[in-house]
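By convention in this document, chain letters (A, B, ...) are assigned in the order of the sequence lines, proteins followed by strands, and residues within each chain are numbered from 1.
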Protein chains: 2
Amino acid sequence: MTPLKSRLPGSGRRPPRGRPRNEDIDRAVVAAVLEVLRTRGYRAVTMVGIARKAKRARASIYRRWPSKPYLVADCLVSTMGARPAPDTGDLRSDLLAAVGTFQRALSGPLRQALPGLVADMAHDPKLAQAVRRQVLVPRRQSMRAALERARARGEARGGADIELLLDLLAAPFYFRTLFGHARVDRRLTRGVVELALKIVR
Amino acid sequence: MTPLKSRLPGSGRRPPRGRPRNEDIDRAVVAAVLEVLRTRGYRAVTMVGIARKAKRARASIYRRWPSKPYLVADCLVSTMGARPAPDTGDLRSDLLAAVGTFQRALSGPLRQALPGLVADMAHDPKLAQAVRRQVLVPRRQSMRAALERARARGEARGGADIELLLDLLAAPFYFRTLFGHARVDRRLTRGVVELALKIVR
DNA sequence: TCCTTTACGAGACAGTCTGTCTCGTATAGG
DNA sequence: CCTATACGAGACAGACTGTCTCGTAAAGGA
């Protein structure tokens with residue numbers, strides 16, 4: 001389980017030795033990354049550039065994150081937060097809420113970062129797994145939970161390939177974001193949910 | 001309409017002037033790119049490296065392709081070819097054939113190249129459009145045609161959002177390829193087609 | 001045959017980024 | 001006071017990009 005952020009040296013229990021880290025640096029760096037991401041895209045995020053913009057030493061960044069993709073991924077996670085999936089008692093509402101988080105997430109910094117991050121993931125399995133665990137999995141969980149509740153209520157049939165259904169619910173959002181051939185908006189959210197309901201009922 | 005490959009100087013009708021290009025170079029470069037792509041991934045494809053491997057001058061590559069992503073995209077297109085969509089008279093068979101091309105395409109060099117290419121597309125709208133036109137659109141066309149034939153036969157209902165349906169059929173393949181969280185195999189092909197049939201009938 | 005045009009190989013060049021390292025200095029606990 | 005770590009500054013080697021300049025090669029046209 002590789003973390004996005006490097007652990008402190010006193011890497012376990014024991015109170016840390018030596019001079020403590022300055023958390024202002026963490027905040028300044030994350031802010032700089034999000035700013036550059038927003039205005040000039042993933043490619044423009046470089047370790048040198050971020051250090052300059054945050055007015056910090058490059059070594060201080062490398063001390064915290066092993067490389068640019070980990071840094072960016074960590075920044076994204078810090079902006080997303082784990083939205084709890086509401087249980088409304090109705091499958092359509094639950095799915096609309098859960099799928100809506102895709103649409104919203106992909107309207108923020110994730111949108112700018114995703115293509116580059118995906119490319120880096122292809123070259124670093126540890127990064128890929130970390131990103132999947134922190135970005136993909138939490139959002140899948142809320143949809144999976146909604147489907148299971150619906151099945152328990154008798155609102156949805158069983159026997160469907162749940163993993164495939166989860167892919168079907170999420171994939172169009174990533175697909176459109178990465179290829180840019182169509183909009184990612186509330187209309188897509190509604191459309192995807194209606195099709196999922198048609199399948200599962 | 002930006003082409004992937006740079007046009008020759010005698011860029012129109014008129015027979016070309018001067019020394020003709022050596023097509024051995026085109027072939028050697030494309031072969032080198034596909035080889036590096038296969039063995040070491042998109043990142044390892046560099047203009048310097050390809051020139052070295054193909055034993056040609058860097059300038060000769062830049063004369064033909066404006067930059068690495070265009071070169072790679074052109075190499076991919078050259079390996080894919082436009083598979084004609086068969087008309088079997090049956091929607092399920094037609095879709096299985098059409099969707100099967102996704103699965104096969106994403107088992108070849110496209111699989112290695114896609115993540116990096118997607119990242120470059122995010123920074124170059126012209127490249128993005130060229131890739132969409134040459135990679136995405138042809139495969140969508142055959143699915144669209146199959147759906148329209150089925151509707152004409154009364155095998156499928158109308159009124160559905162065709163573009164969304166096309167995204168639904170293709171997206172899981174790209175999604176799984178880019179995030180690597182699940183396999184892209186014939187089982188996925190069958191599953192996606194069955195769900196599409198459930199929706200459209 | 002000569003002239004013009006383009007192709008080719010070789011390499012120079014400036015600019016940028018990465019990741020590591022080494023200073024001198026600062027700040028915590030024991 | 002000692003030790004451990006953080007910080008800023010910068011050096012460093014290595015790699016890649018994209019453009020440019022040579023000298024040379026190979027076409028067609030006059």
Side-chain angles (χ1 to χ4, degrees), chain A residues 5-29 32-33 36-37 40-72 116-117 119-120 123-124 126-127, chain B residues 5-30 32-33 36-37 40-72 116 119-120 123-124 126-127:
Chain A
K5 203 164 180 177
S6 308
R7 270 187 290 267
L8 275 76
S11 117
R13 43 238 163 272
R14 293 314 123 242
R17 313 282 311 272
R19 177 176 173 175
R21 293 216 180 137
N22 180 355
E23 301 206 358
D24 288 351
I25 298 183
D26 298 62
R27 281 187 288 271
V29 169
V33 169
V36 174
L37 217 46
R40 310 187 14 237
Y42 187 83
R43 177 146 310 170
V45 177
T46 68
M47 297 302 247
V48 218
I50 293 300
R52 260 199 298 270
K53 191 174 191 78
K55 291 197 174 62
R56 302 298 176 164
R58 228 150 34 102
S60 296
I61 305 184
Y62 280 112
R63 199 171 289 123
R64 289 165 170 79
W65 297 274
S67 67
K68 160 182 165 175
Y70 288 87
L71 166 58
V72 172
L117 205 51
D120 289 332
H123 287 273
D124 181 347
K126 284 184 185 303
L127 171 71
Chain B
K5 203 165 181 177
S6 307
R7 270 187 291 269
L8 277 76
S11 114
R13 44 236 163 274
R14 292 314 124 242
R17 312 281 313 270
R19 176 176 174 175
R21 293 218 180 135
N22 179 355
E23 301 205 359
D24 289 350
I25 298 182
D26 298 61
R27 280 186 288 271
V29 169
V30 170
V33 169
V36 174
L37 217 45
R40 305 197 298 131
Y42 187 83
R43 176 146 311 168
V45 177
T46 67
M47 298 302 247
V48 235
I50 293 300
R52 259 198 298 271
K53 190 174 192 79
K55 293 197 172 62
R56 301 298 175 164
R58 227 146 39 96
S60 296
I61 305 184
Y62 279 112
R63 201 172 285 123
R64 289 164 171 79
W65 295 275
S67 67
K68 160 182 165 176
Y70 287 87
L71 166 59
V72 172
D120 289 332
H123 287 274
D124 181 347
K126 285 185 185 301
L127 171 71

For this session: Ignoring hydrogens and angles, tell me if any N or O in the side chain of A/K53 forms a donor-acceptor pair with the backbone of A/V33 under 3.5 Å.
Result: no
Problem set entry | Rounded distance [0.5 Å steps], CG in A/L71 versus OG in A/S6 | 10.0 Å
Exercise. Given atom NZ of A/K53 and atom P of C/dC17, what is their separation to the nearest angstrom?
Worked result: 13 Å
For this session: Report yes if a side-chain nitrogen or oxygen of A/R56 is closer than 4.0 Å to either non-bridging phosphate oxygen (OP1 or OP2) of D/dG8; otherwise report no.
Result: yes
Exercise. For DNA chain C, whose closest nucleotide is more 5', that of A/V45 or that of A/A59?
Worked result: A/V45
Seminar exercise, completed: Atom CG of B/D26 and atom P of C/dA7 are separated, to the nearest Å, by 11 Å
Problem set entry | Pair B/K68 + B/D120, salt bridge at N-O below 4.0 Å | no
Exercise. If you check every side-chain atom of A/Y62, which of C/dC17, C/dG19, C/dC8 has the closest atom?
Worked result: C/dG19
Seminar exercise, completed: In whole angstroms, the gap separating P of C/dA7 from CG of B/D24 amounts to 16 Å
Problem set entry | Interatomic distance where CH2 belongs to A/W65 and C1' belongs to C/dG19 [whole Å] | 17 Å
For this session: Would you indicate what B/R64 reaches in the nucleic acid, counting non-hydrogen atoms under 4.0 angstrom: base, sugar-phosphate, or nothing?
Result: sugar-phosphate
For this session: Rounded off to whole Å, could you give me the NZ-to-C1' distance for the A/K68 and C/dT16 pair?
Result: 13 Å
Exercise. Which residue lies toward the 5' end of DNA chain C, B/R58 or B/R21, if each is placed at its nearest nucleotide?
Worked result: B/R21
For this session: Report the residues that fulfil side-chain contact (heavy atoms from CB on, under 4.5 Å) with B/A28, sequence neighbours left out, ordered by chain and then residue number.
Result: B/A54
Exercise. Near A/R40 CZ, under 6.0 Å, is it more than 12 heavy atoms from other residues, nucleotides or ligands?
Worked result: no
Exercise. Is the phosphate of C/dA10, meaning OP1 or OP2, less than 4.0 Å from a side-chain N or O of B/R52?
Worked result: no
Problem set entry | N/O (side chain, B/S60) to phosphate O (OP1/OP2, C/dG9) under 4.0 Å | yes
Seminar exercise, completed: Against the side chain of B/A57, the closest entry in D/dT17, C/dC17, C/dA10 is C/dA10
Problem set entry | Check: C/dA26 base within 3.5 Å donor-acceptor of A/R19 side chain | yes
For this session: Let me know the distance between CD1 of A/I50 and C1' of C/dT18, rounded to the nearest Å.
Result: 15 Å
For this session: Could you work out which one of C/dA12, D/dA6, C/dA7 sits closest to the side chain of A/R63?
Result: D/dA6
For this session: Figure out the CZ/C1' separation between B/R43 and C/dC17, and round it to whole Å.
Result: 12 Å
For this session: Check the distance between C/dA28's P and A/N22's CG and give it to me in whole angstrom.
Result: 10 Å
